[in-house]
Visitor: 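Got a structure for you, questions after.
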Amino acid sequence: MNIVFDIGNVLVKWNIYRAFDHVIDDMVEIDKLLERTGFNAWNLEQDRGRSIEGAFAALEAKSPEDVIYFKDYFERFKLTVAEPIQGTWDILHALKARDSRLFAITNWGAVTWPDALELYPELGTIFEDVVVSGHEKLIKPDPAIFQVLIDRNGLNPEDCFFIDDSPQNVAAARALGWQAHLFQHPVALKDDLTARGLL
């Protein structure tokens with residue numbers, strides 16, 4: 001079985017508040033900022049490969065009064081992903097010890113992926129291949145990004161077990177014939193892998 005991990009909120013917690021808490025000390029106000037700027041959609045375009053320049057141009061067009069709050073966003077990005085989900089790393093290492101084939105597909109911007117590798121060098125070594133959305137200009141749940149992994153590594157969909165915290169991404173994988181687990185907690189993931197005879 002080929003085991004395919006998502007990274008954000010599966011192996012690494014994403015705490016977006018850390019990008020702004022040096023200029024806004026109230027989480028409720030940060031939430032308002034994220035809503036005003038359409039942050040989730042804005043961030044997804046970086047995951048799709050948009051440049052920093054393009055990101056700021058989009059902010060300027062949508063919410064010019066809020067651009068100032070994003071001035072340090074890319075410099076502070078590392079702070080938002082500085083906490084590993086240790087239980088999942090333990091599972092990953094246990095799978096590696098069993099000689100499982102390990103892969104990853106992540107929605108992650110090309111400009112911030114080097115930060116992930118700096119914080120977690122093992123991301124660059126433990127997987128046979130990592131499909132990074134910002135490099136491919138494709139984002140989950142687009143079936144095409146799953147196909148990149150399949151084609152690049154000569155895999156069969158029915159032999160892939162996908163782990164992701166997004167219901168939409170898990171549904172997309174299943175629709176392509178993959179087995180999948182909706183990640184909520186390392187204990188539940190360990191139980192599922194054990195029940196399948198993978199751990």
Visitor: Tell me the closest heavy-atom pair linking Pro186 and Ile91, and the distance in Å.
Guide: O-CD1, 3.3 Å

Visitor: Please check: side-chain N/O of Asp165 versus main-chain N/O of Val10, any donor-acceptor pairing under 3.5 Å?
Guide: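 Pair absent, no side-chain N/O of Asp165 close to backbone of Val10.
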
Visitor: How far apart are the closest heavy atoms of Val131 and Arg152, and which atoms are they?
Guide: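 Closest pair (atom of Val131, atom of Arg152, distance): CG2-NH2, 3.4 Å.
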
Visitor: Group every Ile, Leu, Val, Met, Phe, Trp and Tyr by side-chain heavy-atom contacts under 4.5 Å, then state whether Phe103 and Phe161 land in the same group.
Guide: no

Visitor: Which pair of heavy atoms, one from Arg50 and one from Ala58, lies closest together, and at what distance?
Guide: NH1-CB, 3.4 Å

Visitor: For Glu65, I'd like to know if atom CD has over 12 heavy atoms of other residues, nucleotides or ligands within 6.0 Å.
Guide: yes

Visitor: Counting N and O atoms only, with roles assigned by atom type, does the side chain of Arg18 sit under 3.5 Å from a partner on the main chain of Arg76, one being a donor and the other an acceptor?
Guide: no

Visitor: List the residues meeting side-chain contact (heavy atoms from CB on, under 4.5 Å) with Val111, not counting sequence neighbours, and say none if there are none.
Guide: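 Scan of Val111 (side-chain contact (heavy atoms from CB on, under 4.5 Å), adjacent residues dropped) gives Ile52, Phe74.
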
Visitor: Taking 4.0 angstrom as the limit, do Glu83 and Lys13 come out as a salt bridge?
Guide: yes

Visitor: I need the Phe162 CZ to Leu176 CG distance, nearest 0.5 Å.
Guide: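 Here the interatomic distance stands at 10.0 Å.
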
Visitor: List in chain and number order the residues that pass side chain to side chain donor-acceptor pair (under 3.5 Å) with Lys78, two or more places apart in sequence or in another chain; answer none if no residue qualifies.
Guide: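 Testing Lys78 for side chain to side chain donor-acceptor pair (under 3.5 Å), a comparison that skips the adjacent residues, returns Glu118.
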
Visitor: Search all heavy atoms of Gln46 against all heavy atoms of Trp42 and return the closest pair with its distance.
Guide: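 Result for this residue pair: NE2-O, 3.0 Å.
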
Visitor: Backbone N or O of Glu128 within a donor-acceptor pair of the Arg101 side chain at under 3.5 Å?
Guide: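 Checking the backbone N and O of Glu128 against the side chain of Arg101, no donor-acceptor pair under 3.5 Å is found.
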
Visitor: By side chain to side chain donor-acceptor pair (under 3.5 Å), which residues pair with Asp151, not counting sequence neighbours?
Guide: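 If we apply the side chain to side chain donor-acceptor pair (under 3.5 Å) test to Asp151, skipping adjacent residues, the hits are Gln147.
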
Visitor: Residues in side-chain contact (heavy atoms from CB on, under 4.5 Å) with Ile126, at least two apart?
Guide: Leu92, His93, Lys96, Leu102, Glu122

Visitor: Answer yes or no: is there a side-chain heavy-atom contact under 4.5 Å between Phe183 and Thr88?
Guide: yes

Visitor: Run through Val170, Asp192, Ile163, Leu189 and flag the one making a side chain to side chain contact (heavy atoms under 4.5 Å, CB included) with Leu182.
Guide: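 With Leu182 as partner, Val170, Asp192, Ile163, Leu189 yield a single side chain to side chain contact (heavy atoms under 4.5 Å, CB included), made by Val170.
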
Visitor: Taking the inter-plane angle between the rings of Tyr120 and Trp89 on a 0 to 90° scale, is it parallel (under 30°), tilted (30 to 60°) or perpendicular (over 60°)?
Guide: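 Taking Trp89 first and then Tyr120, their aromatic rings lie parallel (interplane angle under 30°).
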
Visitor: Set out, in order, the CA-CA distance, both residues' side-chain angles and the distance that settles side-chain contact (heavy atoms from CB on, under 4.5 Å) for Asp47 and Leu44, then state yes or no.
Guide: CA-CA 5 Å; Asp47 287 352; Leu44 205 57; 3.9 Å; yes

Visitor: Just jot down the salt bridge (Lys or Arg N to Asp or Glu O under 4.0 Å) partners of Asp66, sequence neighbours excluded, or say none.
Guide: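 Partners of Asp66 under the salt bridge (Lys or Arg N to Asp or Glu O under 4.0 Å) test: Arg36.
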
Visitor: Could you tell me the separation between the CD1 atom of Ile30 and the CG atom of Asp25, rounded to the nearest 0.5 Å?
Guide: 8.0 Å

Visitor: Could you measure the distance from the CG atom of Asn156 to the CE atom of Met1? Nearest 0.5 Å is fine.
Guide: 11.0 Å

Visitor: Applying side chain to side chain donor-acceptor pair (under 3.5 Å) between Lys140 and each of Asn107, Asp6, Thr106, report the one that passes.
Guide: Asp6

Visitor: Using the side-chain contact (heavy atoms from CB on, under 4.5 Å) criterion, which residues pair with Gln168? Sequence neighbours excluded.
Guide: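 In terms of side-chain contact (heavy atoms from CB on, under 4.5 Å), with neighbours along the sequence ignored, Gln168 is linked to Pro141, Ser166.
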
Visitor: Under 4.5 Å between side-chain heavy atoms, hopping through other hydrophobics if needed: is there a path connecting Met27 to Leu79?
Guide: no

Visitor: Do Phe20 and Asp72 pass the side-chain contact (heavy atoms from CB on, under 4.5 Å) test, and can you show the C-alpha distance, the side-chain angles, and the key distance before you say yes or no?
Guide: CA-CA 8 Å; Phe20 304 102; Asp72 302 320; over 6 Å; no

Visitor: So do the side chains of Thr112 and Tyr73 get within less than 4.5 Å of each other, counting heavy atoms only?
Guide: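 They are not in contact (no side-chain heavy atoms under 4.5 Å apart), so the answer is no.
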
Visitor: Is the closest side-chain heavy-atom distance between Cys160 and Glu158 below 4.5 Å?
Guide: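 Sidechains of Glu158 and Cys160: no contact.
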
Visitor: Does any non-hydrogen side-chain atom of Ser100 lie less than 4.5 Å from one of Leu198?
Guide: no

Visitor: Take Glu60 and Phe70 through the side-chain contact (heavy atoms from CB on, under 4.5 Å) test and state the conclusion after the steps.
Guide: CA-CA 11 Å; Glu60 186 69 45; Phe70 285 77; over 6 Å; no

Visitor: Going from CG on Asp21 to CD on Glu29, what distance comes out if it is rounded to the nearest 0.5 angstrom?
Guide: 14.0 Å

Visitor: Report the distance from atom CG of Asp90 to atom CG of Leu95, rounding to the nearest 0.5 Å.
Guide: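 Going from the CG atom of Asp90 to the CG atom of Leu95 covers 11.0 Å.
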
Visitor: Do NZ/NE/NH1/NH2 and the carboxylate oxygens of Arg48 and Glu45 come within less than 4.0 Å?
Guide: yes

Visitor: With the 4.5 Å side-chain cut-off for hydrophobic clustering, are Phe5 and Leu149 part of the same group?
Guide: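 Different clusters: Phe5 never reaches Leu149 through Ile, Leu, Val, Met, Phe, Trp or Tyr contacts under 4.5 Å.
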
Visitor: Leu123 versus Trp108: any side-chain heavy-atom pair under 4.5 Å?
Guide: no

Visitor: Mind checking whether Val130 and Ile145 sit in one hydrophobic cluster, side chains of I, L, V, M, F, W, Y counted as touching below 4.5 Å?
Guide: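 In one cluster with Val130: Ile145, no.
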
Visitor: Between Asp26 and Val28, is there a donor-acceptor pair closer than 3.5 Å when you use the side chain of the first and the backbone of the second?
Guide: yes

